[in-house]
Amino acid sequence: MNNKLFLSDNLSGQKRCFEPCRYDRITIYACGPTVYKVPHLGNFRSFTIFDTLYRFLTYLYPNVIYVRNITDIDDKIIDQARAQNIDPKLLTNSVIESFSMYCEKLNLLPPTFEPKVTDFMNEIIADIQTLIINGFAYEKSHHVMFDTTKYDDYRKFCKDMNTCTGARVEVSVLKNNENDFVLWKPADDFGWDSPWGYGRPGWHIECTSMSRKILGFPFDIHCGGQDLIFPHHTNERAQGWGLCKTECANYWIHNNFVNIDGEKISKSLGNSFDLEELFLDYNPMVVRLFLLSANYKHPLHFSSYAMKNAENLYNKWHRKCHHYNIIGCGRPLQSVVDALSDDLNTPLAITRITEAINDQDNINSQIDVEEILASLDLLGIKFYDHEIDKEINDLINKREIARQNKDYVQADEIRDVLLSRNIVLEDTKLGVKWYKK
RNA sequence: GGCCGAGUGGCAGAAUGGUUUAUGCAGAGGACUGCAAAUCCUUGUAUGUCGGUUCGAUUCCGGUCUCGGCCUCCA
């Protein structure tokens, strides 16, 4: 492997050279959505970043297994379903459908596995039993709690974090220790039978059971939003250790948030908005480019100005490249590979692509065009398909005839018609070019 | 209160112990165009603050200020 990949591992707090467990089987797990509501732009930043990581790992290694789960049982799902007076399954299916549609629009590759929690209930129950047997969990009033004092390394993620004085914590009487957390809890309805009664799993055990079953411990990379560091990933480590006496993952990657008006976008803050609204104004590829325009560890500020920036850049790329529809051949630019190798530096990769595109000589060279297109593919950026092109090209040809006849009225009419469909024309010495606004 | 992260031009956002600090957008002037658009050429503006290390720091270290995040809902 010529290119060494460096990743900021949050557990060690250091940027480390990536050494996979096995070169022939790279394993990566990303915490996916809880489907009580369609994920918002901030959620999709995470999925887009890890999709890009998946794409890059796939470029570097022959076989990459990418797992992104779907949490389809949870208190919020129950609450939301009750509020709408519908079956939770109906709710989750509908949200999953929208989620999949947005994933497709944003050109997120399907993960190798996309497990649902409800399909892993046997594994979850078995894992909780194992934790009890191994002495890491205790049963109390039909609950099963994880005993955090049994795991010496519990605080590695959050070192000296004071968990007591934060005010938001109410220590339940069920807990033997303040950090203990729920593995299983009783449920009135929407539950499963278990040795501890009818109930459902706590939030953290599901990812442990699914990742262990599908990937095995330790797998290579565990990723998610930075709000998951504590408690979710902290507790996953504890559970993994309790089950297997091993780390569950070798690298922990966390992305920063999308901010709007100086605050993170969040479902609970109520400042999130549906991607559908965004897609009315912007091409999904513009949204993807925006989401990759900042380093994943840094906050990304959402504004119409920032979106406009991304749109302008995308249009520029499109204008220069979309006529070269070459797919699946060529290697990406070395400069782009270098940028991504350094902790997935997507803003720098975007810069490198722009530099290459700005260099007219490159555009005249077929091989370099392929390099640019392969680089765009690494970032998951694509242009349009030929079907639409044909209709547009027909109109453009009609307008060219009008222009040759100096019938500028008709020529401008056609241009306006296309413009109303957000197609912008350019008359160049090499012919007419168009791009989509 | 504890812990973590971030402060770069009008905006977004990279990089770097050193003669000239990207890239894109926006601005100004010019070329080109049936009109445009795009493109090309020219062009101005920045490293929160105070110290320290150094021949030299925006970059390393320390203080400080500001902002954001986590502290059992969260990507």
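Convention: sequence-line order gives letters A, B, ...; per-chain numbering from 1. Since the model is a prediction, treat every value here as computed from it, not as a measurement.
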Between atom [atom1] in [X] and atom [atom2] in [N], what is the gap in whole Å?
X: A:Ile357; N: B:A22; atom1: CD1; atom2: P; answer: 20 Å
X: A:Tyr29; N: B:A75; atom1: OH; atom2: P; answer: 13 Å
X: A:Leu425; N: B:U33; atom1: CG; atom2: C1'; answer: 14 Å
X: A:Asp416; N: B:C35; atom1: CG; atom2: P; answer: 17 Å
X: A:Lys156; N: B:C3; atom1: NZ; atom2: C1'; answer: 17 Å
X: A:Phe230; N: B:G69; atom1: CZ; atom2: P; answer: 18 Å
X: A:Tyr154; N: B:C71; atom1: OH; atom2: P; answer: 12 Å
X: A:Phe257; N: B:C67; atom1: CZ; atom2: P; answer: 19 Å

Please enumerate all residues that pass side-chain hydrogen bond (donor to acceptor under 3.5 Å, both in side chains) together with [X], with sequence neighbours excluded.
X: A:Thr27; value: A:Asp220
X: A:Arg352; value: A:Glu355
X: A:Asn309; value: none

query: Taking the six-membered ring for Trp, does A:Tyr408 stack with B:G34 (centroid gap under 5.5 Å, planes within less than 30°)?
result: yes

query: Is there side-chain contact between A:Arg200 and A:Ser194, with at least one heavy-atom pair below 4.5 Å?
result: no

Charged N-O contact under 4.0 Å between [X] and [Y]:
X: A:Asp153; Y: A:Arg237; answer: yes
X: A:Asp281; Y: A:Lys308; answer: no
X: A:Arg415; Y: A:Asp412; answer: yes

Whole-angstrom distance between [N] and [M], as gauged at atom [atom1]:
N: B:U21; M: B:A46; atom1: P; result: 12 Å
N: B:A12; M: B:U47; atom1: C1'; result: 16 Å
N: B:U23; M: B:G9; atom1: C1'; result: 14 Å
N: B:A14; M: B:C61; atom1: C1'; result: 24 Å
N: B:G13; M: B:G7; atom1: P; result: 10 Å
N: B:U45; M: B:C11; atom1: P; result: 15 Å
N: B:U58; M: B:U20; atom1: P; result: 14 Å
N: B:C65; M: B:G48; atom1: C1'; result: 8 Å

message: Between A:Ile260 and A:His301, is the side-chain contact (heavy atoms from CB on, under 4.5 Å) condition met? List the steps.
response: CA-CA 6 Å; A:Ile260 182 164; A:His301 303 283; over 6 Å; no

task: Residues of residues 102-116 of chain A with any non-hydrogen atom less than 4.0 angstrom from an atom of RNA chain B: list those, numerically ordered, please.
output: none

Can you say whether a donor on the side chain of [X] sits under 3.5 Å from an acceptor on the base of [N], or the other way round?
X: A:Asp412; N: B:G34; value: yes
X: A:Arg155; N: B:C3; value: no
X: A:Lys308; N: B:C25; value: no
X: A:Arg415; N: B:A37; value: no

- line: Its contact letters, B for base, S for sugar-phosphate only and - for none at protein heavy atoms under 4.0 Å, make nucleotides 5-16 of chain B read -----BBSSSS-

- prompt: Which is true for A:Gly224 with a 4.0 Å heavy-atom rule: it touches a base, it touches only sugar-phosphate, or it touches nothing?
  reply: sugar-phosphate

- prompt: Touch check for A:Val182, heavy atoms < 4.0 angstrom, all strands: base, sugar-phosphate only, or nothing?
  reply: nothing

field: Straight-line distance of A:Phe181 CZ to A:His143 NE2, nearest 0.5 Å
entry: 14.5 Å

field: Aromatic ring proximity A:His254/A:His233, centre distance under 6.0 Å
entry: yes

- prompt: What do you reckon, are the aromatic ring centroids of A:His232 and A:Trp203 less than 6.0 Å apart?
  reply: yes

task: May I ask you to establish whether A:Arg16 and A:Tyr251 are in a cation-pi arrangement, using a distance under 6.0 Å from NZ or CZ to the six-membered ring centre and at most 45° from the ring axis?
output: yes

field: Six-ring centre of A:Phe47, A:Arg68 cation under 6.0 angstrom, axis tolerance 45°
entry: yes

Among [options], find the nucleotide with the atom closest to the side chain of [X].
X: A:His40; options: B:G24, B:A75, B:C35; answer: B:A75
X: A:Gln226; options: B:A75, B:G69, B:C35; answer: B:G69
X: A:Lys316; options: B:G34, B:G68, B:U39; answer: B:U39

- request: Map A:Arg399 and A:Asn235 onto RNA chain B by nearest heavy atom, then report which one ends up closer to the 5' terminus.
  value: A:Arg399

- request: Return yes if a side-chain donor-acceptor contact under 3.5 Å exists between A:Lys140 and A:Asn176, otherwise no.
  value: yes

- request: Would you sketch RNA chain B in dot-bracket for me? Only Watson-Crick or G-U wobble pairs with both distances under 3.5 Å count, crossing pairs as [ ], other-strand pairs as |, the rest as dots.
  value: (((((((..(((.....[....))).(((((.......)))))....(((((..]....))))))))))))....

